[in-house]
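Not measured: the values here are computed from a predicted model.
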Amino acid sequence: MLSVFIPSDVSLKKVAITDLAGLPDNAVWVDLVNPTVEEDRAVERLAKIAVPTREDMQEIEISSRLYIESGARYMTATLMCQSDTDMPRTTAVTFILTGHRLVTVRYDLPKPFALVENKLARACPPGITGEQVLMELLDAVIDRCADILERCGADIDQVSHDIFEPESERHGHAKQYSQILIAIGRKGDLTSKVRESLVSIGRLVTFLSAVVEGVKWSKDMREQLKTMQRDVASLTDHASYLSNKITFVLDAMLGVVNLEQNNIIKLFSVMAVVLMPPTLIASIYGMNFKVMPELEWTHGYPLALVAMLAAAIVPYWIFKWKKWL
């Protein structure tokens, strides 16, 4: 799908293209979503650039993601998608600055694109350029990563509370440890994906800051780039902190599970020790020897029961006195 945005008064107007040969020359933003070969060629003719393929965008080396070719600046970053679902994923998005026009190539639907599109459709600076659209997109991407990390941090705090809740709240119901472990795994996966996205965005912003040294960008845009660099650095540190916290919570969860299992094993061990003396008494008087004087006693049976009961109570009382139970 090919979307073209042209400035209109104080907004950025989205134009429907029916003829690929008639792309408007005044377009400041060309957005390619799952482009066809014909759409790639039409944009290449308009912007005088080479649109990278999906395979090229998947390359992870810096030289394949951040480079200058024929005067155009190619920048590929990893962005978050479907972060509000149970199956978040990342996608590669390429930003191409050529002249004062921005071309974006993507094969998914990151939320910041829709947010920026709606924002610029309502109002945008007069004489907006592709560089300004790029800054809006990067700012929205960074804000989105911050929102995800904030939500992830709150969820991790809730999981931590579920693990370390007071004993009084724990009593009377079975804790769903499997659900807690699944929640920890999902938050760990989400945090790692956000950190991957932030690292790629940080490299992109650093590259952009370096290449604009010879370009006449406004002072405000240069300051905005520096602010983005600081934001990305702080968010990356926060993502690392959350990763460490998730590791701690996971270790704590496994420790709690081990304690619960040990308590169950201890209970069975105590029951075995408590029942061992009565079993020994019953085994002795269950032997089929003819000469056993106690078998002839009138009160032998109740005495044997009392002896077995005492043999069970005494070990239990000793365990309680030693605080082993």
Side-chain angles (χ1 to χ4, degrees), residues 84-88 148-193 195 238-325:
D84 297 329
T85 67
D86 292 336
M87 296 296 293
I148 296 173
L149 289 178
E150 289 173 4
R151 187 180 72 248
C152 190
D155 293 340
I156 294 170
D157 288 339
Q158 182 58 48
V159 171
S160 179
H161 173 74
D162 293 339
I163 296 173
F164 301 109
E165 65 182 1
E167 190 70 25
S168 58
E169 296 182 14
R170 219 185 282 184
H171 180 71
H173 69 278
K175 291 174 64 67
Q176 301 296 325
Y177 293 132
S178 60
Q179 295 181 4
I180 294 178
L181 286 173
I182 291 173
I184 294 174
R186 286 176 176 171
K187 297 310 170 186
D189 178 62
L190 179 61
T191 303
S192 66
K193 284 182 168 59
R195 192 174 187 280
H238 189 67
S240 299
Y241 157 75
L242 288 180
S243 297
N244 293 334
K245 187 173 182 179
I246 289 172
T247 301
F248 164 74
V249 171
L250 178 60
D251 292 340
M253 181 71 252
L254 296 178
V256 170
V257 171
N258 288 333
L259 285 176
E260 293 287 344
Q261 291 176 342
N262 291 339
N263 288 334
I264 295 173
I265 297 301
K266 183 173 69 174
L267 178 62
F268 281 107
S269 301
V270 170
M271 293 302 297
V273 172
V274 168
L275 295 177
M276 190 180 300
T279 304
L280 177 62
I281 296 173
S283 299
I284 291 175
Y285 290 104
M287 293 186 293
N288 297 320
F289 291 109
K290 291 183 179 181
V291 183
M292 293 185 70
E294 295 88 345
L295 296 179
E296 302 296 332
W297 291 356
T298 304
H299 301 290
Y301 175 66
L303 286 175
L305 293 180
V306 171
M308 286 189 286
L309 183 61
I313 292 176
V314 171
Y316 179 79
W317 179 82
I318 294 175
F319 288 153
K320 293 289 289 186
W321 177 58
K322 292 287 188 180
K323 296 182 179 180
W324 293 346
L325 291 178

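- In this structure, CD1 on I246 lies 12.0 Å from CG on D251, to the nearest 0.5 angstrom.
- Listed here is the closest heavy atom pair of D189 and P88: OD2-CG, 4.1 Å.
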_Please determine whether side-chain contact (heavy atoms from CB on, under 4.5 Å) holds for the pair L280 and M276, giving the CA-CA distance in whole Å, both sets of side-chain angles, and the decisive distance to 0.1 Å._
CA-CA 6 Å; L280 177 62; M276 190 180 300; 5.8 Å; no
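- Note: S160 OG to D155 CG = 12.5 Å, rounded to the nearest 0.5 Å.
- The minimum heavy-atom distance linking A282 with M308 is given by the pair CB-SD, 3.8 Å.
- Remark: side-chain polar atoms of T191 are not paired, donor with acceptor, to backbone N or O of G188 under 3.5 angstrom.
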_I163 vs I184, test: side-chain contact (heavy atoms from CB on, under 4.5 Å). Steps then yes/no._
CA-CA 11 Å; I163 296 173; I184 294 174; 4.2 Å; yes
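- Closest of all the heavy-atom pairs between R195 and S240 is NE-OG, 2.9 Å.
- With rounding to the nearest 0.5 angstrom, the CD1 atom of I281 is 10.0 Å from the OG atom of S283.
- For the atom pair K187 NZ and S243 OG, the distance stands at 13.5 Å (nearest 0.5 Å).
- We find the CG-CD1 distance between L250 and I180 to be 11.5 Å, quoted to the nearest 0.5 Å.
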*asked:* As a quick check of understanding, evaluate side-chain contact (heavy atoms from CB on, under 4.5 Å) for R151 and L190, giving each step before the final call.
replied: CA-CA 11 Å; R151 187 180 72 248; L190 179 61; 4.2 Å; yes
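- In this structure, the salt bridge (Lys or Arg N to Asp or Glu O under 4.0 Å) partners of D86, at least two apart in sequence or on a different chain, are R186.
- Closest approach of L242 to L149, counting heavy atoms only: CD1-O, 3.7 Å.
- Put simply, the side chain of K193 does not reach to within 4.5 Å of the side chain of I148, judged on heavy atoms.
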